[in-house]
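Below: the structure, in structure tokens.
Values in this document were obtained by computation on a predicted structure and should not be read as measured data.
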Amino acid sequence: MTKKIRTKKNYTRKTACLSAIVAVLALILIGTVVFDPERTALRNAAFAWIEPRLLDLADRIEISGSQGSTVLSRKNNVWVISNGGTDYPVKQARVEDFLKVLSGQELYQVRSNSASAHERLGVVEGRASRIVIRGGAGLPLLDLLIGFAGAAGREVYLRKAGQNEVRSGEDRFTVYTESPGSSWYDLRLFPDLETDMIQRVRVAPFRQDEAPYALSRNGRSWSFSDAQEPPEASKVESWLRSLADAEAEDFSTSIPQSGAVLSAGSIFLELGNGDTVTLRLGQDDGGNRRDASVSVSPFVYSLSEWTVNRLFREASYFMQEE
């Protein structure tokens, strides 16, 4: 009996000893993880320039860089660029991606906390590229300065205006600050058009030596209105896709946006739901560009020569090859 008691006490002591060793090892491991300098630096580097919740308050974005300044305004929950009293549409998805870059938590290492380093890193006010997000009439929600690229060229130095701290991170910013204002415009000519909606097309060429023609859908095939041999369906469908995806180079301000009369050529689309859409082309401006208007849009667009030639195909383009 005494031997069993002694054995039980020894087992209890060994168990307590092992438990104590395990506890000490656990504390050492936790301490290693928590106080490891590299891990601590990574935790401190995880950073977002603006809290996502603040983006709901944003109603104005100011972007300045080597290409000039661009101002985006949110009106009726839609981002636009106002110019000369006209609100031009912008790519909403591009604005969303831009705001995600600013509000997403990424690794931005602290590089300096001294104002003396600002000039060396290119984050001096008045010289650095800048992104300002405003909400209402108060202080900016974000005022961010974008400086020089890092030694490897993949990172860029960044600083909030009014603060000394400078961080660096992956350069996802200069693609926005160093792009022209037109890169924000939504320049699609037919933003809601799907090719299977188109039942008939009438083309009035802008070239004097070409005759007008019309194409009509017949199930999966197409036909010319003048009863000549049928066109190659794949070429017609490819051309319609070009129409649906067509984009201008810029908005035109050479003529009034409303009530513009352009008569050098036209493409008239008849849709399956009974609606019609017309693209009208203006004269060459001497710089290989032409103004164009679309019946479903209040704007006048500027098209390059390449875009015009791609949209205004000759009837012979659709003929089947022998």
Trace of the salt bridge (Lys or Arg N to Asp or Glu O under 4.0 Å) decision for Glu125 with Arg130: CA-CA 8 Å; Glu125 293 189 34; Arg130 198 166 195 161; 3.4 Å; yes
Is the shortest side-chain heavy-atom distance between Phe190 and Leu279 below 4.5 Å? yes
Indicate yes or no: at least one non-hydrogen side-chain atom of Leu303 is less than 4.5 angstrom from one of Leu281. yes
Is Val308 linked to Val203 within one hydrophobic cluster, defined over Ile, Leu, Val, Met, Phe, Trp and Tyr using a side-chain heavy-atom separation of less than 4.5 Å? yes
Counting only N and O atoms by type, is there a donor-acceptor contact under 3.5 Å from the side chain of Asp59 to the main-chain atoms of Gly136? yes
With hydrophobic residues grouped by side-chain heavy-atom distances under 4.5 Å, do Ile198 and Trp239 end up in a single group? yes
Modelled atom types, side-chain donor and acceptor of Ser114 and Ser112, under 3.5 Å: no
Quick one: does Glu270's side chain get under 4.5 Å of Arg202's, heavy atoms only? yes
Salt bridge (Lys or Arg N to Asp or Glu O under 4.0 Å) evaluation trace for Lys75 with Asp87: CA-CA 9 Å; Lys75 298 183 178 181; Asp87 292 337; 3.1 Å; yes
Name of the residue among Tyr108, Tyr157, Phe148 meeting side chain to side chain contact (heavy atoms under 4.5 Å, CB included) with Ser168: Tyr157
Donor-acceptor pair, distance only, cut-off 3.5 Å: does the side chain of Gln92 make one with the backbone of Trp79? yes
Going by heavy atoms in the side chains, are Leu240 and Val201 under 4.5 Å from each other? yes
Going through the distances and angles, do Ser302 and Asp250 end up as a side chain to side chain donor-acceptor pair (under 3.5 Å)? CA-CA 5 Å; Ser302 177; Asp250 204 343; over 6 Å; no
Does a side-chain N-to-carboxylate-O contact under 4.0 Å join Glu305 and Arg290? no
As a test of understanding, state which of Thr70, Asp186, Val78, Val95 forms a side chain to side chain contact (heavy atoms under 4.5 Å, CB included) with Val90. Val95
Using 0.5 Å steps for rounding, measure from the CZ atom of Phe47 to the CG atom of Leu107. 12.5 Å
If we only count heavy atoms from C-beta on, is the Glu232 to Phe318 side-chain gap below 4.5 Å? no
Answer yes or no: does atom CZ of Arg207 have more than 12 heavy-atom neighbours from other residues, nucleotides or ligands under 6.0 Å? yes
Using atom types as modelled and distance alone, determine if a side-chain donor or acceptor of Ser69 lies under 3.5 Å from a backbone N or O of Gly65. no
Return yes if some donor-acceptor pair links the side-chain N/O of Arg111 with the main-chain N/O of Val166 below 3.5 Å, else return no. no
Heavy atoms of other groups near Asn76 CG, more than 12 under 6.0 Å: no
Contact check, side chains of Ile133 and Pro140, non-hydrogen atoms, under 4.5 Å: no
Just by distance, with hydrogens left out, do Arg289 and Ser304 show a side-chain donor and acceptor under 3.5 Å apart? no
Kindly give the heavy-atom pair with the smallest separation between Arg159 and Val123, and that separation in Å. NH2-O, 2.8 Å
Heavy-atom nearest pair, Ser103 first then Ala48, reads O-CB, 3.5 Å
Cation-pi between Lys235 and Tyr317: NZ/CZ under 6.0 Å from ring centre and within 45° of the ring axis? yes
Taking the ring centre of each residue, are Trp184 and Phe98 less than 6.0 Å apart? yes
Checking Val277 against Leu271 for the side-chain contact (heavy atoms from CB on, under 4.5 Å) test, could you report, in this order, the C-alpha distance in whole Å, the side-chain angles of both residues, the deciding distance, and whether it holds? CA-CA 8 Å; Val277 181; Leu271 309 183; 4.1 Å; yes
What heavy-atom pair brings Pro205 and Pro212 nearest, and what distance separates the two atoms? CD-CA, 3.6 Å
Over all atoms of both residues, closest heavy-atom pair of Leu142 and Lys160: CD1-CE, 3.9 Å
Short side-chain to backbone donor-acceptor contact, Arg74 and Ala58, under 3.5 Å: yes
Between Glu237 and Arg217 (salt bridge meaning N to carboxylate O under 4.0 Å), is one present in this structure? yes
Carboxylate-amine/guanidinium proximity below 4.0 Å for Arg134 and Glu62: yes
Which is it for Leu269 and Leu243 under the side-chain contact (heavy atoms from CB on, under 4.5 Å) test, yes or no, and what are the steps along the way? CA-CA 10 Å; Leu269 306 175; Leu243 278 175; 4.1 Å; yes
Atom CG in Asn309, atom OG1 in Thr307: separation rounded to 0.5 Å? 9.0 Å
Once you round to the nearest 0.5 Å, how far does OG of Ser252 lie from CZ of Phe299? 12.5 Å
How many angstroms lie between atom OG1 of Thr86 and atom CD1 of Ile81, to the nearest 0.5 angstrom? 12.5 Å
Exam field: side chain Asp171 to backbone Thr174, donor-acceptor pair closer than 3.5 Å: yes
Let me see the working for Ser129 and Glu178 under side chain to side chain donor-acceptor pair (under 3.5 Å), right down to the final yes or no. CA-CA 8 Å; Ser129 297; Glu178 306 311 307; 2.8 Å; yes
Between the main-chain N or O of Val175 and the side-chain N or O of Ser179, is there a donor-acceptor pair closer than 3.5 Å? yes
Taking Leu144 as the starting point, is it possible to reach Leu99 by hopping between hydrophobic residues whose side chains are less than 4.5 Å apart? yes
Candidate pair Val71 and Ile61, rule side-chain contact (heavy atoms from CB on, under 4.5 Å), full reasoning: CA-CA 6 Å; Val71 178; Ile61 301 173; over 6 Å; no
Is the backbone N or O of Val294 less than 3.5 Å from a side-chain atom of Ser297, with the two atoms forming a donor-acceptor pair by type? no
May I ask you to test the Leu55-Ile50 pair for a side-chain heavy-atom distance under 4.5 Å? yes
Determine whether Tyr185 and Arg94 make a side-chain contact, defined as any pair of heavy atoms from C-beta on separated by less than 4.5 Å. no
Under 3.5 Å, is there a donor-acceptor pair between the side chain of Ser295 and the main chain of Thr278? yes
Are Leu54 and Val132 linked, directly or through intermediate hydrophobic residues, by side-chain heavy-atom contacts shorter than 4.5 Å (ILVMFWY only)? no
Hey, could you give me the CZ/CG distance between Phe251 and Asp291, rounded to the nearest 0.5 Å? 12.5 Å
At their closest point, which heavy atom of Pro231 faces which heavy atom of Leu215, and how far apart are they? CG-CD2, 3.8 Å
Can you tell me how far apart CH2 (Trp222) and OG (Ser216) are? Round to the nearest 0.5 Å. 7.5 Å
Val236-Met319 co-clustered via ILVMFWY side chain contacts under 4.5 Å: yes
Regarding Asn218 and Ser221, is there a side-chain donor-to-acceptor distance under 3.5 Å anywhere? no
Compare every heavy atom of Thr195 with every heavy atom of Ala244, then report the nearest pair and how far apart it is. CB-CG2, 4.3 Å
Taking NZ, NE, NH1 and NH2 as the nitrogens, is one of them in Arg167 or Glu165 under 4.0 Å from a carboxylate oxygen of the other? yes
Evaluate Tyr88 against Val80 for side-chain contact (heavy atoms from CB on, under 4.5 Å), listing each step before the verdict. CA-CA 5 Å; Tyr88 293 97; Val80 300; over 6 Å; no
